[in-house]
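Note that these values count all heavy atoms, side chains included, but never hydrogens, waters or copies made by symmetry. Quick note on labels: first sequence line is chain A, next is B, and so on, each numbered from 1.
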2 protein chains.
Amino acid sequence: MNTLEKIQSNLSNFSKSERKVAEVILTSPQTAIHASIATLAKMADVSEPTVNRFCRRLDTKGFPDFKLHLAQSLANGTPYVSRHVDEDDGPDSYTNKIFESSMAALDTARQSVDPMAVNRAVDILTQAQHISFFGLGASSSVAHDAQNKFFRFNVPVTCFDDVLMMRMSCINATTGSVLVLFSHTGRTKAMVEVAKLARDNNAQVIAITAKDSPLAREATLAITVEVPEDTDMFIPMASRLAHLTVIDVLATGFTLRRGPRFRDSLKRVKEAIRESRFEKPSHI
Amino acid sequence: MNTLEKIQSNLSNFSKSERKVAEVILTSPQTAIHASIATLAKMADVSEPTVNRFCRRLDTKGFPDFKLHLAQSLANGTPYVSRHVDEDDGPDSYTNKIFESSMAALDTARQSVDPMAVNRAVDILTQAQHISFFGLGASSSVAHDAQNKFFRFNVPVTCFDDVLMMRMSCINATTGSVLVLFSHTGRTKAMVEVAKLARDNNAQVIAITAKDSPLAREATLAITVEVPEDTDMFIPMASRLAHLTVIDVLATGFTLRRGPRFRDSLKRVKEAIRESRFEKPSHI
DNA sequence: TCTTTAATGTAGTAAATTTACAAAAACAAT
DNA sequence: ATTGTTTTTGTAAATTTACTACATTAAAGA
């Protein structure tokens, strides 16, 4: 909830003096954010500590922190809030809502991803002799995307979206094999079994999945991603965007680890497909 | 202009030490607004007055005032600036940069997508007797994702990431066929030819691609998406996220058009895969 | 190489915020 | 009404924070 609204709704919970502070802030919030605690105290005709206590009552660290929160709530509207699509939303409305929800999801995901886990995953990937990407259902396209990306790195890669092929591939796994498993829930039985099978064959298993899930526990290394999935919609949407972005992060880490010479070869891959394209008009 | 963007664009005008401050703030603006001038100075490895001078250079009264502005810019408008990954970025830094760039890309994409085009695409899709999704290279996983999504709608769908199959499929196309082509550049020769072939066979062609591209011109309807693609990285990253989100938008429009009864069948699809999962501990 | 100018840091100062504690007010129970 | 208790509020000191003036260092130009 927006800070200004919070003050409004908590008005009855405040003490007499605190309410005076609230009144002053509600009357001219723009003045409040630029005032010092002394000025504001004088305006509300209370003591400075009262203002400070008022701030703490609103779950802020103190006066400066409170001003920060207030400033944000004054900056028209909260940015990317996951908003549910309504029955009677027009194209304009649902288009915006979906995009904003996606951005909000990425933001949540970003905060939940542990960079150290990313770093260790990059370690494992750079040392791999062979990388396999596995995903079922909605995650199969994620696995395909990963394959497409790492393929350009001139590393042996495969990708499966079929349980039987995954299992067969695990049987042939060796110490140099690295498997990357994608699963939003981390509870798909088949995937958990595949992870176990792979580890039994000494392969390294990186899971990109939910925190504290069976798959996360079964993997050598788990990059856990928290995504506020829209439960109204019966289709996973936000999770795959988050997973794809994790792929980008891993790919970036990979190229950074390999150094500048490696990037030249990427450039050549890109140039290889140039001929298949229509020239872009150069005068634009 | 948003403070964060202002820092980004003024980067060259700053002195060496000021740039260090800018880097720290851009890397984690959320940390910056909660830090004291001393903490920030230490993080950037500069002196406190340098931080202060940095603030003034951005037309603020001083450090606290700067934090207020920054807080506001994080709240409204575009908080996420597309930022390039540096050679010496640590895991923490590049993880954040990639996520933020992705969010910034989605924001740009959102502003460029025409909701009316979306609406017309939904019209066409709801009336389709058969839907095919085509994508090559990095777009093939996008097409797969679309297939997975629309498959749940109990509509006949196919998906190809192979030019020959695409062409064969076009030959058999009829008036009720709808093709959805994904291409970031809209300049892939093969795709443009496929679009032409399909239209010659009276199929409807929806292109999700770049504005004013050959493919956009060749299609019955184009949903044009503008994406600030990072040209340093020789791999398309942001574009596919934008295209996937467009799929979500189309899928949402589709379900809304079909009405509430339709959603029950989606629910059943979801329940069908429940058995394949480990139960989630209910006490959490 | 020397001079000039710009950039950066050090140390001290002023301001603002917070803490600890005491006074006052409100409330309850005798 | 009066006393004891709790809550609220304010005072004053301590601490943290930000800023200013000046010194030093680095860079640029002659």
Side-chain angles (χ1 to χ4, degrees), chain A residues 3 6-74, chain B residues 3 6-74:
Chain A
T3 306
K6 208 168 174 178
I7 297 174
Q8 186 75 48
S9 65
N10 278 37
L11 218 55
S12 51
N13 298 359
F14 293 134
S15 74
K16 203 165 59 183
S17 297
E18 282 169 348
R19 202 161 319 144
K20 282 202 251 175
V21 179
E23 291 293 345
V24 169
I25 292 169
L26 289 173
T27 310
S28 55
Q30 280 297 342
T31 315
I33 59 169
H34 290 110
S36 73
I37 195 167
T39 318
L40 198 62
K42 200 170 280 178
M43 284 199 287
D45 193 33
V46 296
S47 71
E48 296 176 24
T50 300
V51 176
N52 191 272
R53 283 188 281 261
F54 166 85
C55 297
R56 297 222 166 122
R57 200 169 291 273
L58 282 117
D59 307 315
T60 62
K61 263 191 77 189
F63 183 68
D65 189 42
F66 166 78
K67 285 208 291 189
L68 240 48
H69 281 258
L70 185 60
Q72 294 207 332
S73 87
L74 287 181
Chain B
T3 305
K6 206 166 174 180
I7 298 173
Q8 180 75 39
S9 63
N10 279 37
L11 219 53
S12 51
N13 298 359
F14 293 133
S15 72
K16 202 166 59 182
S17 298
E18 282 168 347
R19 198 152 23 214
K20 281 201 247 175
V21 179
E23 287 295 340
V24 170
I25 292 169
L26 288 172
T27 308
S28 55
Q30 281 297 341
T31 314
I33 59 170
H34 291 109
S36 72
I37 194 167
T39 316
L40 197 63
K42 199 170 281 177
M43 284 200 285
D45 192 33
V46 297
S47 70
E48 297 177 25
T50 300
V51 176
N52 192 271
R53 284 188 280 261
F54 167 85
C55 297
R56 297 225 166 118
R57 199 169 291 272
L58 282 115
D59 307 316
T60 61
K61 262 191 74 188
F63 183 69
D65 189 43
F66 167 77
K67 283 210 292 188
L68 240 48
H69 281 258
L70 184 59
Q72 295 209 334
S73 89
L74 288 180

Does the side chain of Lys16(B) get closer than 4.0 angstrom to OP1 or OP2 of dA26(D) through an N or O atom?
no
With heavy atoms under 4.0 Å as the rule, sort Val46(B) into base, sugar-phosphate or nothing.
sugar-phosphate
note: Asp45(B), atom CG; dT10(C), atom P; distance rounded to Å ~ 10 Å
Could you note down all residue pairs passing side-chain hydrogen bond (donor to acceptor under 3.5 Å, both in side chains) where residues 33-51 of chain A supplies at least one of them, sequence neighbours left out?
Ser36(A)-Thr39(A), Ser47(A)-Thr50(A)
Separation between OG1 of Thr31(B) and CG of Leu40(B), rounded to the nearest 0.5 Å:
9.5 Å
Kindly state each residue pair satisfying salt bridge (charged side-chain N to carboxylate O under 4.0 Å, His left out) with at least one member in residues 16-36 of chain A, sequence neighbours excluded.
Glu18(A)-Arg57(A)
Residues 63-70 of chain B side chain polar contacts: donor-acceptor under 3.5 Å, at least two apart:
from	atom 1	to	atom 2	distance (Å)
Asp65(B)	OD2	Lys61(B)	N	2.8
Lys67(B)	NZ	Ala35(B)	O	2.9

Who passes salt bridge (Lys or Arg N to Asp or Glu O under 4.0 Å) against Asp59(A), sequence neighbours left out?
Lys6(A)
Less than 4.0 angstrom between a side-chain N/O of Thr50(B) and OP1 or OP2 of dT8(C), yes or no?
no
Taken to the nearest whole Å, CZ/Phe14(B) to P/dA7(C) is 13 Å
Ring pair (Phe, Tyr, Trp, His ring centres under 6.0 Å): which pairs involve residues 6-25 of chain A, sequence neighbours left out?
Phe14(A)-Phe54(A)
5' to 3', nucleotides 11-19 of chain D under a 4.0 Å protein heavy-atom cut-off (B base, S sugar-phosphate only, - none) gives B------SB
